[in-house]
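From a predicted model like this one, the values you see are computed outputs, not experimental measurements. Every chain is numbered from 1, with letters handed out A, B, ... down the list of sequences.
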Amino acid sequence: MENKYNHAAVEKKWQDIWEATKPDKVEVDHDKKKYYVLEMFPYPSGKLHMGHVRNYSIGDVVARFKRMQGYNVLHPMGFDSFGLPAENAAIQHNIPPAKWTWDNIHEMEVQLRQLGLSYDWDREVQTCDPSYYKWMQYIFIQFYKKGLAYKKETQVNWCPGCQTVLANEQVVDGKCERCKSLVGKKTLSQWCFKITDYADKLLADLDNLPGWPEKVKIMQKNWIGKSTGAEVTFEIQGYDKGLTVFTTRPDTLFGTTFMVLAPEHPYIDDLIPEGSEYRAAVEKYIDDAQHMTEIERGAANKPKTGVFTGRYAVDPVNGAIVPIYIADYVMMGYGTGAIMGVPAHDQRDFDFAKKFGIDIIPVVDSDDPSIDVNDLKEAFAAEGRMINSGEFDGMNNRDAIQKMFTWLEEKGIGKKATTYKLRDWIISRQRYWGTPIPMIWCDDCGWVPENEENLPVLLPEDVEFTGKGESPVATSKTFVDTVCPKCGKPAKREVDTMDTFLDSSWYQIRYCDPRNDEKCWDKETADYWMNVDQYIGGVEHAIMHLLYARFFEMALHDCGLIEATEPFENLLTQGMVIKDGKKMSKSIGNIVTPLDIIDKYGADTARLFILFAAPPDRELDWSDAGVEGSYRFINRVYRLVYDFVEKYGSGSSSYTVKDAHDKELRFRLNATCKKVGDDIDKRFSFNTAISSIMELVNAMYKYKDEDGFNEELFRCAIENLVTMMSPFTPHVCEEMWQHLGKTESVHKEKWPVWEADAMERDEVEIVIQLNGKIKKKMNVKTNLDRDGLEEEVMASDEVKELVGDRNVVKVIAVPDKLVNIVVK
RNA sequence: GCGACUGUGUUGGAACUGGCAUACAAGACGGACUUAAAAUCCGUUGCUCGUGAGAGAUUGAGGGUUCGACUCCCUCCAGUCGCACCA
C-alpha cells in the first residue's frame, strides 16, 4: 500500500483482478434467496454521460449491499443497440450501422468497466445481435399466433423533408427531430400490437405495485385514460346508418343542440355526396385539417372552427332535430369520433355554439343563485338539479346519470360503455437498423409467419441508405424475394423493421438465461429470477418503456412463457444531473464528462459524489467543489487506515471497552452500522448514509487523539468502516481491506450487524420547554417512564427557578426526548 | 386548463412516526505546519439586536389544529415536470 492514495493505480489494479476472477458471476441457487437489480440499459451513443454514472452507481450500491446481506444477486448489463442514430451515421458518413454500433458498444463497455460496476458481464446482451433478435422475432410470432399482432391501415407521422415515417418520439414539438420540417399525417399499412386488450389489466394492476413512485403510476393511469359513460345512437335524417356518440354526461342528452363529426369520420363521404351544395366547403375543411400538424390542431384555446354538412340528426331522447357539423376539435382517435354538442354544459360545445349561432338549452340548474342557466356566460359544468329533461326533472344530475344508463338500455338507444385513450401500438418502422418483422406476404395465403426453425430472419447488408421513402431493407436484392412457408409459392418478405421499444420490453427476462440457443429462455430459470426486484432508470421512461414492458410481460404470461405478470416489482426513478441550474447540454457548454472526472479523481470519487450530493430521485446539481470534497474524504479515510496499519500492522479486532471514550466510539460505530444499513435498504437514502459514515470518520479522528487509545476497538471500527463504504467506493475499500491483512475480498464480507447493548446509554440529554419554548437542557437517566421523568424534572432546582411562582397548568413528558411545562 | 412534485443558511442538502430546525458537505474567515505555496490538521461561520453573558424572530406568504408544526389541514404565491379541445 502506498502512503498516498493513488486512485489511478488502485482502480486499475482491482478492475483487472475483477475482470479475471469474475466475482459477480451468478447462477441459479435454490438454497439462497435471489435478488434481481436492474438498471435501464443504455443506447450505445459512444459516450457515457453523468446520467449513466448516476443510474449505474445507484444500482451498484444496491447490488453490492444485497450481496453483503447474503442474497444471490443478479445484476446484468447490456445495450439497447438498434435505433436511428446508427442509420443517420450511415447516411451522413457512409459508415455501416453495424460497424458504427459495435464500435460504440466496445467503447462504452470500457467506460462502464472503469466505473467498477459489479455486473455479471457474462450475461451481456445486445439487441442488435442476431442471437438476441432471433428471439424478438420468435416472440413476435407468438403474439401473432395469439392474435395480438395484426396489420391495418393507420395514420402515421410523415416527415415531408425526409420522406419517411417517424415514430411519435421522433416528433418533437410537431417537427422532425432530424430536419425540423413540420410533420404531417399519412395513411399506411402498419403492423400493430393489441395493447388495448390489456388496457384494463394494465390499469388495474398498478394497484399491485406499491413499490412504484405514485407519480409514475398516475402518469400511466392518465395515459391509459379510462372513462366510463354511455354510447348513444342518433338517427340521421335521410340516411340508413345511425350515428353513435360516446358521452360521460348522459344526463345532458336533453340539452343536445348539434352534433359534430371528426374530419376523418368514415361517414362523411357518404353523407355529403358529390353534387351536394355543401361538398366543396366540406372538402376544403377536411383538406385543411389534414395538413395541420398535431400541435396546430391540438393547441389549447384555439378558436373553434367547423363546417355544416347540410344533414340533421334526431335526438333519441326527445326527438329534437339537430344540425350535424364537422369540426377538428373532435378527434377520430377517441370515443367514436363523433359527439353530441351540449353547449350549456360543456365549454368547447359552448364556444362552438356561440360562434355558429346554435341554441343553448340548459338541462342542469345550479343551486348557486349567482348563476342563471338561461343566460350563461360560460358552460355550467358543475353538479345541479335536472330541468328540461322530461321524467328526469328535479333529480340530482349525478343520480340521473346512473338512472340514464338503464333507461337508455331499456329504450334500446344506448348502453353503458368504457373508452380508453390508449391506442394500439403501431410497431412498424420504415427503417433499416431494427429487428426485421418475420412475416411473409403470399398472394394466395396472405400474411404468413416465417417458420420458427428458420429464425433469425437476418438483416440484409446489401442495402442503400438514401434517407428517403420506404425502408432501406427494400433495396436489398437478396432479402425481399422468398417463398411462402405455407404453400411454397414465390412470396415477399415484410421490409419494415420493429420499433426499438420492442427490443427493450423483454430484455429483463433474457438476462435470466442469455445464452440459450434452444429457447428464448428456460422457463424454470426465468421464473427463479423474475421479476426484477429493483429497477432503476430515468423518469422519462415513465410511460412508453415501462408500459410496453408491462404489456409484454402480461402477453408473454398468456403465451405460457413466464409466470410473472409484472416485470418490475420496485421502481426507482432517478433525477436528472444538472449544472448551474440547467440541463447539461452542448449549446450551453456546461457538460461535465465522466471520463474527465474519473481521470482526475477516480471512479470512487465520482460515485461517492454523485450519491452524496442529492437524494437519488431528485435533481442533482453538479458541483466541481463538491467533487473535490468527496475526493478529500476518501483521502481522509485512506490516511486513517494507512497510519493505523503502519503503526499496528495486522491483529485482532475483538476488543473490551475500557473507558468512556471507548464506550462513545462503540456507540457511534454501532449507530452508524444501523443507520447506513437502514438508509440503503429501506429508503435509498444514500446521501444520508454517506453523511453518517463521514460523522463516524470525524469521531474516529477525534478518538485517535484522546487518551487511552484502544487498538482492538479501533481496528474493529476501521474494519467496519471499510466494509460499510465498500458498496459506494469499491476499489479503494478493496485496497484498504487488503492492507488490513485480509486475504478475501471485502465485497464477500457480511454487512456489519449492530449490537443492541452498544446502543444503550445511561444518560440522555432531554429538552425542557416552557409553553413550547426551549429553555434548558438536562441530563437524565435513560428509559425513565412518563411519570418518572416528570417527577425528576419538576423536582430539580433549575426547573423550579424557571417556573418561578407561575401556575403549572399541565406537564407533557416524552421519555428520552423532552418535558414541556405549560404555565399561566 | 387538468394533474403531480418542489420551496429550509451564501450553496448542495439533513431533520425517518408531530418533539432540540439547519446534521453532513461546499464556500468563506482565522490559526498551526512551511522559506513560500499546495496538501494536511485545528477552530469559527444562518439572521437581527447586544461590548458581553444573552435575547428575539425564522423552514415561500397568510390562516388553522395542537402543550408543541419544516412535518397535519385550508387559502394563496413561485418554480419544475407530465398531460392537454379526451366528449
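- Taking atom CG of residue A:N771 and atom C1' of nucleotide B:G19, one finds them 16 Å apart after rounding to whole Å.
- Using atom P as the reference point in both B:C24 and B:A15, the two lie 13 Å apart (nearest Å).
- Here A:N222 does not reach the OP1 or OP2 of B:C86: none of its side-chain N or O atoms lies under 4.0 Å away.
- Relative to the six-membered ring of A:Y329, A:K304 meets both conditions, a distance below 6.0 Å and an angle of at most 45° to the axis.
- The CZ atom of A:R668 sits 14 Å away from the P atom of B:A23 (whole-angstrom rounding).
- Listed pair A:R639 / B:C41 meets the phosphate criterion, a side-chain N or O lying under 4.0 Å from OP1 or OP2.
- Across all strands shown, A:K675 has heavy atoms under 4.0 Å from base atoms, whether or not it also approaches the sugar-phosphate.
- Annotation: A:E791, atom CD; neighbour count of heavy atoms from other residues, nucleotides and ligands within 6.0 Å does not exceed 12.
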- Message: Using the rule given for ring-ring contact (aromatic ring centres under 6.0 Å, His included), can you reason through A:F612 versus A:F633, listing the C-alpha separation, both sets of side-chain angles and the distance that settles it, and then say yes or no?
- Response: CA-CA 12 Å; A:F612 177 60; A:F633 175 70; 8.2 Å; no

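- Distance CD1 (A:I690) to P (B:A14): 12 Å, rounded to an integer number of Å.
- Look at CG on A:D643: it is 14 Å from P on B:U40, rounded to the nearest Å.
- Side-chain contact of A:T782 with A:D816: a donor-acceptor pair under 3.5 Å is absent, judged by distance alone.
- Taking side-chain N and O atoms only, A:R618 has no distance below 4.0 Å to OP1 or OP2 of B:G12.
- Rounded to whole angstrom, the span from the CG atom of A:D617 across to the C1' atom of B:G13 amounts to 13 Å.
- Contact annotation: side chain of A:K304 to base of B:C85, donor-acceptor pair present below 3.5 Å.
- Backbone-only contact: A:N698 has heavy atoms under 4.0 Å from sugar-phosphate atoms and none from a base.
- Under 3.5 Å, the side chain of A:K777 and the base of B:C20 form at least one donor-acceptor pair of N or O atoms.
- At least one side-chain nitrogen or oxygen of A:R348 sits closer than 4.0 Å to the OP1 or OP2 atom of B:C86.
- Base pairing in RNA chain B gives the following stems of 3 or more Watson-Crick or G-U pairs, range against range and under 3.5 Å: B:1-7 with B:77-83, B:10-12 with B:24-26, B:27-32 with B:40-45, B:47-49 with B:54-56, B:60-64 with B:72-76.
- Both A:I218 and A:S623 lie near RNA chain B, and the one whose nearest nucleotide falls closer to the 5' end is A:I218.
- For B:C24, neither phosphate oxygen OP1 nor OP2 lies less than 4.0 angstrom from any side-chain nitrogen or oxygen of A:R632.
- Counting any heavy atom pair closer than 4.0 Å across all strands shown, A:T688 reaches sugar-phosphate atoms only and no base atom.
- Judged purely by distance below 3.5 Å, without hydrogens or angles, the side chains of A:Y334 and A:T419 pair a donor atom with an acceptor atom.
- Annotation: side chain of A:V645 is not in contact with side chain of A:M736 (no heavy-atom distance under 4.5 Å).
- Nucleic acid contact for A:G629: sugar-phosphate only, since backbone atoms but no base atoms lie under 4.0 Å from a heavy atom of the residue.
- Comparing B:A26 with B:C77, their C1' atoms sit 30 Å apart, to the nearest whole Å.
- For A:K421, whose side chain is taken as the heavy atoms from C-beta onward, the closest listed nucleotide among B:A23, B:C86, B:C83 is B:C86.
- Using the six-membered ring where Trp is involved, A:H345 and A:F380 have ring planes that are perpendicular, over 60° apart on the 30 and 60° scheme.
- Between B:G46 and B:A28, the two C1' atoms lie 13 Å apart (nearest whole Å).
- B:G52 and B:A61 have their C1' atoms separated by 36 Å, given to the nearest Å.
- Comparing B:A55 with B:A39, their C1' atoms are spaced 43 Å from each other, to the whole Å.
- Closest to the A:S227 side chain, of the nucleotides B:G19, B:A25, B:A87, is B:A87.
- Atom name C1', nucleotides B:G9 and B:U45: the rounded distance is 10 Å, in whole Å.
- Residue A:K600 qualifies as open at atom NZ: its count of foreign heavy atoms under 6.0 Å is 12 or below.
- Contact annotation: A:R636 side-chain N/O to B:A25 OP1/OP2 distance is not under 4.0 Å.
- To the nearest whole angstrom, the two P atoms, one in B:U71 and one in B:G3, are 23 Å apart.
- A donor-acceptor pair is defined here as one N or O able to donate and one able to accept, closer than 3.5 Å; no such pair exists between the side chain of A:T257 and the backbone of A:I358.
- Residues from residues 812-821 of chain A that place a heavy atom under 4.0 Å from any atom of RNA chain B, listed by number: A:I812, A:V814, A:K817, A:L818, A:N820.
- B:U66 and B:G1: their P atoms are spaced 36 Å apart (whole Å).
- Residue contacts shown for A:E619 are limited to sugar-phosphate atoms, with no base heavy atom under 4.0 Å away.
- Residue contacts shown for A:F612 include a base, since a base heavy atom lies under 4.0 Å away.
- Residues A:A613 and A:S692 both approach RNA chain B. Their nearest nucleotides, taken by heavy-atom distance, put A:A613 toward the 5′ side.
- Within the nucleic acid shown, A:V822 comes within 4.0 Å of sugar-phosphate atoms alone, with no base atom in reach, counting heavy atoms only.
- Relative to the side chain of A:K775, the nucleotides B:G56, B:A25, B:C85 differ in distance, and B:G56 lies closest.
- Scanning both residues, A:A717 and A:M700, for their nearest heavy atoms gives CB-CE, 3.7 Å.
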- Task: Using the side-chain contact (heavy atoms from CB on, under 4.5 Å) rule, take A:F684 and A:D617 through it: C-alpha gap first, then chi angles, then the decisive distance, then the call.
- Result: CA-CA 9 Å; A:F684 293 120; A:D617 53 349; over 6 Å; no

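- The side chain of A:R683 places an N or O atom within less than 4.0 Å of a non-bridging phosphate oxygen (OP1 or OP2) of B:A15.
- Comparing B:A4, B:A57, B:G13 against the side chain of A:K215 picks out B:A4 as the nearest.
- B:G18 takes the anti form, because its glycosidic angle lies more than 90° either side of 0.
- If you take CG of A:N635 and C1' of B:A39, they are 10 Å apart, rounded to a whole angstrom.
- Between A:F709 and A:F644, the ring planes are tilted. Angles from 30° to 60° get that label.
- With rounding to whole Å, A:I774 atom CD1 is found 13 Å from B:U58 atom P.
- None of A:F686, A:W622, A:Y601 except one satisfies the ring pair (Phe, Tyr, Trp, His ring centres under 6.0 Å) rule with A:F609; the exception is A:W622.
- Put simply, CG on A:L611 is 14 Å from C1' on B:G13, counting in whole angstrom units.
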